[in-house]
Protein chains: 2
Amino acid sequence: MVTINDIAKKAGVAKSTVSRYLNGGSVSQKTKAKIERIVNETGYSPNTFAQSLKAKHTKMIGIIVPRLDSYSANEVLSSIDRKLRAKGYQLLITNTDQMIEREIENIYTLAKQKVAGIILMATVITEEHHKAIAEVDVPVLLLGQQAEGLHSIGHQEFEAGYAMGNYAGSLEHKNFLYFSVFKEDVAVGQLRANGVLSAFEKWPDIHVDILETSFSFQKAYELALEVLPKTKATYILCATDNIAMAVLKAAHTLNKNIPSDFSLSGFGGYEVTSIVSPSITTVKYGYKELGEVAVDQLFHLINREEVKNNVLISNTLIKRESTIPK
Amino acid sequence: MVTINDIAKKAGVAKSTVSRYLNGGSVSQKTKAKIERIVNETGYSPNTFAQSLKAKHTKMIGIIVPRLDSYSANEVLSSIDRKLRAKGYQLLITNTDQMIEREIENIYTLAKQKVAGIILMATVITEEHHKAIAEVDVPVLLLGQQAEGLHSIGHQEFEAGYAMGNYAGSLEHKNFLYFSVFKEDVAVGQLRANGVLSAFEKWPDIHVDILETSFSFQKAYELALEVLPKTKATYILCATDNIAMAVLKAAHTLNKNIPSDFSLSGFGGYEVTSIVSPSITTVKYGYKELGEVAVDQLFHLINREEVKNNVLISNTLIKRESTIPK
DNA sequence: AAATAAAATAGAACCGGTTCCAAAAAATAG
DNA sequence: CTATTTTTTGGAACCGGTTCTATTTTATTT
C-alpha cells in the first residue's frame, strides 16, 4: 500500500506538503504538478483511518431500521442511499429486528464508528433513547416518529387518517372494524387512528370496534381468522397495508368476498396493494421524498445550521376496488 | 473522550500495560484489578480508528446488493446480519441500483474501508469484476452466481428448474410460454431455464416459446400485456416470482382467469405468492440458509482456511392454486 | 543466599495521516 | 538594491491505539 510518505519521498518534498496539496492548501504550481503526477502514477489513495483518527468523524451516515424486510423501510432506504451517494457519503445500515434495546445499542455502536450523523427509524421513543442521543456527540434525526426536544421528520399521519375516515364515512358504512397497532407507536397507533376517528365525528351514527394487533403479517392474519367470522362490520380499516394484506388472505381462507362482504383499506401505498385482487384502497405515502428531505435535514444538523424541529411529508388517498358504498 | 493515556495515567502505569490488559496479554493480578476498576469507572472504550490504523482491517463485512427493494435480497440480508452480529461484526450494506459499474466501484470503496470481507450479490461477472477482486486485498464471496476461480455460494438453480419443468410437464400441458431473463445472468437466465427445458425432454411434443424480459416488475407487466392476448399457451412459466406477479396483474387487467385460462408459476418462494389469489406455484429457495452458509464460508476465507469453491443450497417445489392439469 | 529463569512493566517506535509553527523563498514596495 | 510583506515549505507534534525490546521485578532452583 502506498502512503503519503512514499509520495513525499518520490516528490522530494515533506509529507506535510503532500497533505496540503491533497487538501487544497497553499502549494506552488511547480510542486503541485510534481505531486499530482506521482499521485496519479502510484494510484495513491489516503488511508481512511489515519484521516478519521484526526478528523474525529467519517463520511458515513448511520441508519437504524427496525426491519429490512419491509416495503416502507426499503423505499426510504433506497432514496436515502441515492442522495447520500451523490454527496460522497456512505450509508451504514444497522438492523434492530424490532428490538428496542438494540436501537439504543446501535446508537452507541454507530457513534463509536464515528458516523457523521444518525437517522433513527424508531417506533417508540423512550427515556433511554433520549439519554443515548444526548450522550453521543452525533446529530440524530428521527424518521417516522416525533419526540419532544429531538429533530424529526415524518408523515402527515393525522391527515392520512382523516382522509381515509372521511372517504370511508362518505361511502355510508356504519359498522367499522379497525385493526390498529399498539398505542405506544405515536405515529401509527395514535395519530393515524385519531385522524380516522376525527373524520368519523361527522357521522354520529358510526360505530367502530378497535382491535389491537402488530406489524407482523402472521399475527394480523391469525387475529383476522378469529374475528372475521363473527363481525358485523361492513368496512374493515387496517392501520397498515401489511395488515390489510393479512386480512385479505384471511378473507380468502374463510371464503369471504371483498368488497361484497366487506370493504377493506390499508395505509402505506405498498406496491403489492395494486397487484392483488381486488386491488386495495390505501393512502400513498411519500417515502422517496421522506428519504430525501431526511438527508437534507441531517446535513443541516451536521453543519449546525438552523432547522425546523419537525417536518411532515404529505400523502394521497388512492381509491381502489376493495372499497364500495354500503 | 477518555483515551488509553487517561487510563494509564490514572492507574499509574504505562499505556502499553493498559493495552496489554485490554488485549489479554500478561498483566499481574494487582494491576489488572486496578486498571479494570478505572476502565469501568470511566466507561472507556477504545477508538476504532486508532485500532484499525494498526490492524489494517475492521470488524465490518461489506455486502454489495443490486437492490434493496427485493424480497430475496432482504431475506438474505436479514440472515447474514443476524449471524454476523453474533460474531461481533457489523454489516456494511452498499446498493448498486443494478448498475454493474457500481459493483466494481463498491468493491474498491469497501476495500478502502478495510472491511474484513466482501459478499457480492452480482448478476454477471465481467473481466472487471475479476480484476477488482484480484486487486483488493480482501476475500470476496459471490452470492447467487458462480465464476471461474472465485469462491461462491448459490442455489441449486438447475434442479429448481428441473423440478418445475417436471411438474408442469406432468400436468400434461403442451404449449408453454416462458418469461426468462437475459442470458448473461448465468444462474437465472441459463441454469434455471436449462433445468426446465431439460425436464421437458421427456415429452417430445411439448412446445415452449421463450421470451426475454427483466427483473423489473413494470417491464414484465408491459410485456405480458402485449403477449397474453395472442398466446396459445396453457401454462406460463416465469423465471421469478416477481415476473409471475406481473403476469398475474396483466391477466387481471385483461380479464383473463388463472388457472382456467392458463396455469402460472414462478421461482423464489416470495411470501406474497401465498397471499394473492390464486396463490402461485413456485420453488421456495433457502434464503436464510444461503445467508448463514455465506457467513460461514466468508469467515473461512478470512481465516485462510480450506473451503469448497462453490456451495449450493437446495430448494423445494410448492404446488398451489395457480397450476392445474390441462 | 546466590544464581537462574520467568513474568511483568516502561518506554520507544510505529501505523498514516493533519496541523501548527517557524524558517526559507519569492514577490512587492520603497 | 535593500527592506518589507506574502507565499511556500519542512519539521515536529499530534491523533489513540499496538507491539517490540530492554529492563525491572518476582518466582524458582540449587
Side-chain angles (χ1 to χ4, degrees), chain A residues 1-39 42-60 88 108-109 111-116 136-138, chain B residues 1-39 42-60 88 108-109 111-116 136-138:
Chain A
M1 201 76 272
V2 41
T3 74
I4 200 172
N5 277 302
D6 302 333
I7 305 292
K9 218 168 288 171
K10 289 195 188 187
V13 298
K15 69 172 179 173
S16 53
T17 305
V18 178
S19 176
R20 238 177 296 113
Y21 159 80
L22 291 168
N23 298 293
S26 88
V27 184
S28 73
Q29 284 304 322
K30 229 191 308 175
T31 50
K32 197 175 283 182
K34 200 162 44 175
I35 297 174
E36 186 168 18
R37 189 174 52 75
I38 294 175
V39 166
T42 55
Y44 166 74
S45 135
N47 178 313
T48 327
F49 301 110
Q51 289 181 314
S52 303
L53 181 54
K54 193 88 185 183
K56 312 282 195 188
H57 68 264
T58 61
K59 286 200 127 192
M60 294 198 295
Y108 289 114
T109 310
K112 204 172 150 183
Q113 304 263 3
K114 300 273 194 296
V115 294
V136 303
D137 189 28
V138 179
Chain B
M1 201 76 273
V2 40
T3 74
I4 199 172
N5 276 302
D6 303 333
I7 305 291
K9 217 167 289 169
K10 290 196 185 187
V13 297
K15 69 172 179 173
S16 54
T17 304
V18 179
S19 175
R20 238 177 299 113
Y21 159 80
L22 292 168
N23 298 293
S26 86
V27 184
S28 73
Q29 284 303 324
K30 227 191 308 175
T31 50
K32 199 175 282 184
K34 200 161 44 175
I35 296 175
E36 186 166 19
R37 189 174 53 75
I38 295 175
V39 165
T42 56
Y44 166 76
S45 137
N47 178 313
T48 328
F49 300 110
Q51 290 181 314
S52 303
L53 180 55
K54 194 89 186 185
K56 310 281 195 192
H57 68 265
T58 60
K59 287 200 128 192
M60 295 198 294
Y108 288 114
T109 310
K112 205 173 148 182
Q113 305 263 3
K114 300 274 194 295
V115 294
V136 302
D137 190 27
V138 179

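It should be emphasised that the depicted structure is a prediction, and the values quoted were computed from it without experimental measurement. Reminder, nothing fancy here: chain letters follow the sequence lines and each chain counts from 1.
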(message) Quick check: on DNA chain C, is the nucleotide nearest A:Arg20 upstream (toward 5') of the one nearest A:Met1, or the reverse? Name the residue that is more 5'.
(response) A:Met1
(request) Answer with yes or no whether A:Ser16 presents, from its side chain, a donor or acceptor under 3.5 Å of a partner atom in the base of D:dG11. (result) yes
(request) Return the value, rounded to whole Å, for the distance between atom CG of A:Leu53 and atom P of D:dA13. (result) 18 Å
(request) Compare side-chain N and O positions of A:Asn23 against OP1 and OP2 of C:dT18 and report whether any pair is under 4.0 Å apart. (result) yes
(message) Of the options D:dG10, C:dG17, D:dG16, whose atoms approach the side-chain atoms of A:Ala50 most closely?
(response) C:dG17
(request) Could you tell me whether A:Thr3 contacts a base, only the sugar-phosphate backbone, or nothing, with contacts defined as non-hydrogen atoms closer than 4.0 Å? (result) sugar-phosphate
(request) Could you tell me which nucleotide pairs with C:dA7 by Watson-Crick or G-U wobble geometry, both distances under 3.5 Å, or answer none if nothing does? (result) D:dT24
(request) Check the pair B:Ile38, B:Val18 against side chain to side chain contact (heavy atoms under 4.5 Å, CB included), reporting the backbone distance first and the verdict last. (result) CA-CA 11 Å; B:Ile38 295 175; B:Val18 179; over 6 Å; no
(message) For a side chain to side chain donor-acceptor pair (under 3.5 Å) check, start with the C-alpha distance between A:Ser28 and A:Thr31, then their side-chain angles and the critical distance, and finish with the verdict.
(response) CA-CA 6 Å; A:Ser28 73; A:Thr31 50; 3.0 Å; yes
(request) Go through C:dG17, C:dT9, D:dG17 for me and flag the one nearest to the A:Lys54 side chain. (result) C:dG17
(request) Taking only the side-chain nitrogens and oxygens of B:Ser28, find out if one of them lies under 4.0 Å from OP1 or OP2 of C:dA7. (result) no
(request) Would you indicate what B:Lys15 reaches in the nucleic acid, counting non-hydrogen atoms under 4.0 angstrom: base, sugar-phosphate, or nothing? (result) base
(message) What is the separation between atom CG on B:Asn5 and atom P on D:dT18, rounded to the nearest whole Å?
(response) 11 Å
(request) Look at A:Thr31 and D:dT8 and indicate whether a side-chain polar atom (N or O) is within less than 4.0 Å of OP1 or OP2. (result) no
(request) Could you go through the side chain to side chain contact (heavy atoms under 4.5 Å, CB included) check for B:Met60 and A:Gln113 one step at a time? (result) CA-CA 10 Å; B:Met60 295 198 294; A:Gln113 304 263 3; 3.8 Å; yes
(request) Starting from P on C:dA7, measure out to CD on B:Gln29 and report it in whole angstrom. (result) 14 Å
(request) Report yes if a donor N or O on one partner sits less than 3.5 Å from an acceptor N or O on the other, where the partners are the side chain of A:Lys56 and the base of D:dC15; otherwise report no. (result) no
(message) Output the rounded distance in Å from CG (B:Leu22) to C1' (D:dG16).
(response) 12 Å
(request) For A:Thr58 and A:Ser52, work out which heavy atoms get closest and say how close. (result) CG2-OG, 3.6 Å
(request) Ignoring the backbone of A:Ser19, work out which of C:dT18, C:dA10, C:dG17 is nearest its side chain. (result) C:dT18
(request) Look only at the side chain of B:Asn47 and the backbone of B:Phe49, and say whether a donor-acceptor pair between them is shorter than 3.5 Å. (result) yes
(request) Test A:Val13 against A:Tyr21 for side chain to side chain contact (heavy atoms under 4.5 Å, CB included), laying out the working first. (result) CA-CA 11 Å; A:Val13 298; A:Tyr21 159 80; over 6 Å; no
(request) For B:Tyr21, report the nucleic acid contact type (base, sugar-phosphate, nothing); a contact means any heavy atom under 4.0 Å. (result) nothing
(request) Could you please name the option among C:dG17, C:dA10, D:dG16 that lies closest to any side-chain atom of B:Thr17? (result) C:dA10
(request) Kindly say if A:Ser26 contacts the phosphate of D:dT8, meaning a side-chain N or O under 4.0 Å from OP1 or OP2. (result) yes
(request) Could you state the atom-to-atom distance from NE2 of B:His57 to P of D:dG17 in whole Å? (result) 17 Å
(request) Could you tell me the separation between the NZ atom of A:Lys112 and the C1' atom of D:dG17, rounded to a whole number of Å? (result) 12 Å
(request) Could you tell me whether the phosphate oxygens of C:dT18, OP1 or OP2, come under 4.0 Å of any side-chain nitrogen or oxygen in A:Gln51? (result) yes
(request) Could you check how far NZ of B:Lys32 sits from C1' of C:dA8, rounded to whole Å? (result) 11 Å
(message) Whole angstroms only, please: what is the NZ-P distance between A:Lys9 and D:dG10?
(response) 15 Å
